[in-house]
*Asks:* 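There's a structure below that I have some questions on.
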Amino acid sequence: MNSYQELWWRQAQSDQTVLVSLRRNGAAACHQLHYLQMVTEKLAKAYFWESGNPPRRTHAVLVQFLRSLGGVPQSQRQRITDALGFGRFADLQNWLREVLPLAYELQKLAPNLAQDGPNPEYPWPQVAPQFAPVSFEFDLWTKLTNSGRGRQLMQVIRRAVDRFPSYG
Amino acid sequence: MQATKFNRDSMASWYARQHIKTDPGIRSVFYLPTNAPDREIRLIEINELVGDRSDDTLEPIDFGVDRGMASEHTLLVLDVTPSQWDRIQQLLLPLPPSWSLEHAKRLPRGKK
């Protein structure tokens with residue numbers, strides 16, 4: 001891990017700690033989604049800093065990150081498989097394919113990608129707000145909390161942050 | 001504001017119904033009251049759509065609910081694959097510390 005990666009990873013770790021605290025304290029879905037989106041963005045950027053060059057300035061990096069994990073060279077496969085707690089690389093690849101739609105929805109929550117629609121930070125629409133995130137029922141939140149796949153995505157993300165030094 | 005009483009058994013059933021309604025991969029939901037603190041709901045969900053991961057990842061995810069209210073509680077959900085569930089029943093795969101299948105209740109699926 002280079003020094004740039006370490007900075008991004010440390011921030012992802014701190015955001016993850018806040019996220020867990022929000023979850024355990026029953027914070028509104030918008031706050032938990034906001035932090036989950038930030039954790040994944042910083043984790044992905046920590047990963048992409050591996051080249052020593054800055055990643056693109058965009059919030060839309062989670063899907064790219066997951067796709068990258070599924071396409072690593074043979075020499076890195078076992079390390080990533082072990083780090084994320086899968087038995088075989090093929091199991092990890094299958095799982096990644098299944099969770100990509102959820103990941104896409106999550107990265108789209110960033111306000112500048114939400115196209116003046118549901119986002120976890122600001123009331124919308126911008127010119128004549130009708131909804132506040134704190135009282136909005138996010139379909140994504142239902143999918144993340146009420147389904148096994150959603151809960152597993154949150155747990156794998158947590159592990160991906162914790163184990164980042166072993167594969168990042 | 002009227003305080004809502006907390007009924008652990010009925011809340012456990014409600015969570016099971018919500019999860020089954022959302023997730024077509026759930027085959028069964030078990031509610032494990034033994035050893036759980038009064039305001040803690042422990043569920044094991046056997047799910048065909050969760051990824052097959054190594055045994056050291058068997059850990060429930062916990063959600064705080066209604067903090068500061070009369071209905072305050074914690075929900076813990078342990079998602080397992082059918083093969084993990086088989087090994088749990090055969091005592092080949094341990095449950096999280098203090099979790100027990102003693103008096104475990106299989107929650108009805110209800111209407112979808």
Side-chain angles (χ1 to χ4, degrees), chain A residues 16 19-29 31-33 36 66 69-70 78 80-103 137-160 162-163, chain B residues 4 6 11 14-30 39-41 43-85 87 93 96 112:
Chain A
Q16 174 73 52
L19 172 62
V20 171
S21 174
L22 290 171
R23 197 179 73 225
R24 291 183 174 158
N25 283 291
H31 302 302
Q32 298 191 55
L33 283 169
L36 182 59
L66 295 177
L69 293 182
Q78 197 57 49
I80 286 184
T81 302
D82 292 344
L84 300 188
F86 287 81
R88 302 174 311 154
F89 188 68
D91 293 334
L92 171 61
Q93 285 182 307
N94 289 337
W95 180 82
L96 288 167
R97 270 193 292 275
E98 299 295 338
V99 298
L100 276 179
L102 282 175
E137 287 189 23
F138 289 88
D139 183 51
L140 175 59
W141 185 242
T142 302
K143 292 177 190 168
L144 287 171
T145 56
N146 284 8
S147 77
R149 194 174 275 163
R151 290 186 295 267
Q152 193 171 49
L153 175 61
M154 290 196 281
Q155 288 184 304
V156 173
I157 287 167
R158 183 177 179 180
R159 186 158 165 139
D162 291 343
R163 305 286 176 103
Chain B
T4 308
F6 175 64
M11 276 307 296
W14 183 81
Y15 281 121
R17 286 195 304 274
Q18 296 302 309
H19 292 184
I20 288 166
K21 196 165 66 177
T22 307
D23 188 341
I26 295 173
R27 288 294 154 259
S28 301
V29 179
F30 286 87
R39 287 184 175 263
E40 187 172 295
I41 296 170
L43 300 180
I44 295 183
E45 300 194 0
I46 297 104
N47 194 317
E48 292 179 347
L49 293 180
V50 294
D52 207 356
R53 299 176 70 211
S54 48
D55 291 346
D56 70 326
T57 63
L58 202 67
E59 181 187 8
I61 187 165
D62 55 337
F63 299 91
V65 183
D66 292 345
R67 290 286 181 249
M69 300 168 70
S71 54
E72 173 174 329
H73 61 279
T74 300
L75 170 68
L76 291 104
V77 185
L78 181 66
D79 292 292
V80 300
T81 63
S83 99
Q84 285 175 321
W85 176 240
R87 281 181 290 136
L93 183 57
K112 280 209 171 187

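Basis for what follows: all heavy atoms, side chains included, without hydrogens, waters or symmetry-related copies. Chain naming here is simple, since letters A, B, ... match the order of the sequence lines and numbering starts at 1 in each.
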*Asks:* For the OG1 atom of B:T22 and the CG atom of A:L144, what is their distance to the nearest 0.5 Å?
*Replies:* 11.0 Å
*Asks:* Determine which pairs satisfy ring pair (Phe, Tyr, Trp, His ring centres under 6.0 Å) with at least one residue from residues 52-79 of chain B, sequence neighbours left out, and list them in order.
*Replies:* B:F6-B:H73, B:Y15-B:H73
*Asks:* In terms of heavy-atom proximity below 4.5 Å to chain A, should B:V77 be classed as side chain, backbone, both, or neither?
*Replies:* side chain
*Asks:* Please give me the minimum heavy-atom distance between A:Q155 and B:E59, naming the atom from each residue.
*Replies:* NE2-O, 2.8 Å
*Asks:* Under a 4.5 Å heavy-atom cut-off, does chain A meet the side chain of B:Q18, its backbone, both or neither?
*Replies:* both
*Asks:* Exactly one of B:D23, B:L49, B:D79 should register a side chain to side chain contact (heavy atoms under 4.5 Å, CB included) with A:R149. Which one does?
*Replies:* B:L49
*Asks:* Run through A:R151, A:R158, A:R24 and flag the one making a salt bridge (Lys or Arg N to Asp or Glu O under 4.0 Å) with B:D62.
*Replies:* A:R24
*Asks:* Looking at every non-hydrogen atom in both residues, tell me the closest pair between A:V156 and B:R53 and how far apart they are.
*Replies:* CG2-CZ, 3.6 Å
*Asks:* What residues of residues 84-94 of chain A make heavy-atom contacts with chain B at a cutoff under 4.5 angstrom?
*Replies:* A:L84, A:G85, A:F86, A:G87, A:D91
*Asks:* Could you look at A:T81 and say if it's the side chain, the backbone, both or neither that has a heavy atom under 4.5 Å from chain B?
*Replies:* neither
*Asks:* If you define the side chain from C-beta out and look only at heavy atoms, does anything of A:Q152 sit under 4.5 Å from B:N47?
*Replies:* no
*Asks:* What pairs with A:S21 under side-chain contact (heavy atoms from CB on, under 4.5 Å), at least two apart in sequence or on another chain?
*Replies:* A:N25
*Asks:* Please enumerate all residues that pass side chain to side chain donor-acceptor pair (under 3.5 Å) together with B:E40, with sequence neighbours excluded.
*Replies:* B:R42
